[in-house]
Number of protein chains: 2
Amino acid sequence: MTDKLTLDEIAQRAGVSRTTASRVLNNRPNVRPEVRERVQQVIEETGYSPNPVARSLAIQHTHILGLVLPRRSDTVFTDPYFPVLIQGIAQACNDHEYTLGLFLLQTPEEERKLLPRIAHKGLLDGLIIQVGEIGDQLIARLLEKNVPLVVAGRPAQEIPVSYIDVDNVAGAYQAVSHLIRLGHTRIGTITGALNTTAALDRRTGYEQALREHGLPLEDALVAPGNFNESSGYQAMQQLLPHRPTAIFVASDVMVFGALRALSEAGLRVPEDMALVGYDDLPPAANAAPPLTTVHQPVLRFGEQAVEILLDILENGSVPPRRVILDTELIIRDSCGASQA
Amino acid sequence: MTDKLTLDEIAQRAGVSRTTASRVLNNRPNVRPEVRERVQQVIEETGYSPNPVARSLAIQHTHILGLVLPRRSDTVFTDPYFPVLIQGIAQACNDHEYTLGLFLLQTPEEERKLLPRIAHKGLLDGLIIQVGEIGDQLIARLLEKNVPLVVAGRPAQEIPVSYIDVDNVAGAYQAVSHLIRLGHTRIGTITGALNTTAALDRRTGYEQALREHGLPLEDALVAPGNFNESSGYQAMQQLLPHRPTAIFVASDVMVFGALRALSEAGLRVPEDMALVGYDDLPPAANAAPPLTTVHQPVLRFGEQAVEILLDILENGSVPPRRVILDTELIIRDSCGASQA
DNA sequence: TGCTGTATTGGAAGCGCTTCCAATTCCTAC
DNA sequence: GTAGGAATTGGAAGCGCTTCCAATACAGCA
């Protein structure tokens, strides 16, 4: 209601020029204390707050960051990972007084339609973009438009872009090593969608652990999943005939699917089959049995992503920043360690 | 890189005035076809796209909608409900060429800090705000600032605001009636957080069903939850000694907690205890056993929310719009109907 | 008391677009 | 060939803010 207020009016009411009013509004020096006081008075009385769009136009940035989540929407809102990521990013945006714009690119047409809006340096100061499938050209295209951006997850191509990731290889390596330490020798894995670097890296960690401990790699013990529940279920069924005694599953959601297959087969966890997952989001601790899983610091991941982006905004995008966060193996019941 | 382009330059290159250039940019009439062609040519060659901020300042709206999720963050990103809601809203925003701004108000300070940004009609054209706890004054405060808004969920107070909700009373009523029809007479309920209207309404539906079917209401059979997994677990434990044979649980997430308590107690579902949940989000179908649950059309809910908001933007906020979406009981295994 | 240097102030230009309105051009009909 | 009207064009004034820069006020010093 009192919204037609402009800085001009404030200035008039306080009996100063618009310039001076602007100065006190932005806490700039060179205003006599008494004058400053008077203007502040008026601002408070009227409940004035400056028009962000006008300000943005003048200063040439908006204080808005964009988060873009490409394709694969099935996973995007079925896996608790993304909500938590969003939360971390939103939190950090709040802390730094930025506004967060959300862009879900579900279909190719949407991507095409949204691209100009995302790529234009007018609306968004910068972008956090979740890495997509291998072969996705979105990042490359954005890069050549010169938009400040940081990628969440390791991009497939070797391009000079800033990104943040968790150490997926090491996380998987830890998990599998732990199973080996518990005495397992026939260890399978259910992979994530192999058109993502995260899934690839986790499989690499699995292989590396087996190899370094002198265990053979057996193709039949590697079942492809795609990060959702049903794929975990199917992969588990596929694995069962080959009699593994332990499985490293590339995401907790797939563990739930695996658990379902196991219970249908009348097998118990961890007695008949040890399981280690990946993610450690809220559902993991309350599962039956509670999941041993590789913890990723998703909230911090999100926070850091925006901090990197802000750094780029301030200091330019060269050289590209690279941040790899550590994971931690959380030992609960599903691996059998607690009863071993 | 080619981003310093302004409409002025386009006009110059095409040999017309900025006014005319603007006209072709916005597909307005009164431009000679050949001229229009020429300008379009230049626009394409240069890859020009107009600065959205400048345009916003001129036309006095931004084409940005805000989604604000107040407090109770524990539930917000632990319950799959919200991601799906966000998805529906984002989808609809895309369809209508709006950008979505996300505001998570986790702490009171954040709320205070963000309020001006949210309430100022400069940045956001309108707001979709998730209803908060009963007693929350956020909506009222926003309302008096005259921000166009639509509430997701029924507000507690009787205020003249537009909102969209699902028919929680009817949904719960359906669920409980179904259990009664299956022959149950000792039917308990695990409620949601009773400082929300959704939880209250669902409890009302439960009571109504019992009453109308001549069954007694028994306080001991009503256990308070708060929509998260652990509360379902605890509530179930609390209910067990009173020997219900069926439970209506106010959200699927709490069903998972209940399931955990039941399995620890050595009870089987649905043989020893019939369960009906609420939500029917992806995890429900893959649960063990698959959940009978009240389906809410969350995606459509989100879409409609933005459509209502756009309607308000276009035609004013009086009278307040009220939209109540229907729910549907999805019968799977957890209620025992399939084996009865 | 007068002079130089610093702190305060406000005028005006500019951010990149839209849009009102007056000026010009083009048709058509007479 | 000309008057009248419609279609086309561009000048200029905003939208609400920031900021450069020149102008003014004030301080300290000799």
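Lettering of chains follows the sequences in order, A, B, ..., and the numbering in each one begins at 1. Everything numeric in this text was worked out from a predicted model, so none of it was measured.
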Report all interatomic pairs (protein N or O, nucleotide N or O of nucleotides 4-6 of chain D) with separations under 3.5 Å.
none

Task: Salt bridge flag under 4.0 Å for residues A:R18 and A:E9 - done: no

Open item on the list: Please encode protein proximity along nucleotides 12-19 of chain D as a string of B, S and -, counting only heavy-atom distances under 4.0 Å.
Closed with: B-BBBBBB

Task: Whether over 12 other heavy atoms sit under 6.0 Å from B:Q157 CD - done: yes

Open item on the list: Assess whether a salt bridge exists between A:E97 and B:K113, defined as any Lys/Arg side-chain N lying under 4.0 Å from an Asp/Glu carboxylate O.
Closed with: yes

Task: Side chain to side chain, B:N51 and B:T6, heavy atoms closer than 4.5 Å - done: no

Open item on the list: Check this one for me: any side-chain N or O of B:T20 less than 4.0 Å away from OP1 or OP2 of D:dG10?
Closed with: yes

Open item on the list: Heavy-atom count check: over 12 atoms from other residues, nucleotides or ligands less than 6.0 Å from B:E37 CD?
Closed with: no

Open item on the list: Would you say B:S162 and B:R322 are linked by a side-chain donor-acceptor pair, where the criterion is simply a distance under 3.5 Å?
Closed with: no

Polar-atom pairs under 3.5 Å, protein N or O versus N or O of nucleotides 4-6 of chain C: list them with distances, or write none.
none

Task: Polar side-chain atom of A:T46 near backbone of A:V42 as donor-acceptor pair, under 3.5 Å - done: yes

Task: Test side chain to side chain donor-acceptor pair (under 3.5 Å) applied to B:R13 - qualifying residues, sequence neighbours left out - done: none

- [ ] Using distance alone, with no hydrogens and no angle criterion, decide if B:Q91 and B:E303 have a side-chain donor and acceptor under 3.5 Å apart.
- [x] no

Task: Side-chain donor/acceptor of A:D125 to backbone N/O of A:T62, under 3.5 Å - done: yes

Task: Global bending angle along the helix from C:dT1-D:dA30 to C:dC30-D:dG1, which compares the axes of five pairs at either end, to 10 degrees - done: 40°

TODO: Decide, yes or no, whether a salt bridge links B:E111 with B:R141 under the criterion of side-chain N to carboxylate O below 4.0 Å.
DONE: yes

Open item on the list: Please verify the inter-ring angle class for B:Y98 with B:H63; under 30° counts as parallel, over 60° as perpendicular, anything in between as tilted.
Closed with: parallel

Polar-atom pairs under 3.5 Å, protein N or O versus N or O of nucleotides 24-26 of chain D: list them with distances, or write none.
none

- [ ] Write down the atom of A:L313, the atom of A:G126, and the distance for their closest heavy-atom approach.
- [x] CD1-CA, 4.5 Å

Task: Sidechain-backbone polar pair: B:D165 side chain, B:I324 backbone, donor-acceptor under 3.5 Å - done: no

Task: Side-chain donor-acceptor pair present, A:N26, A:R55, cut-off under 3.5 Å - done: yes

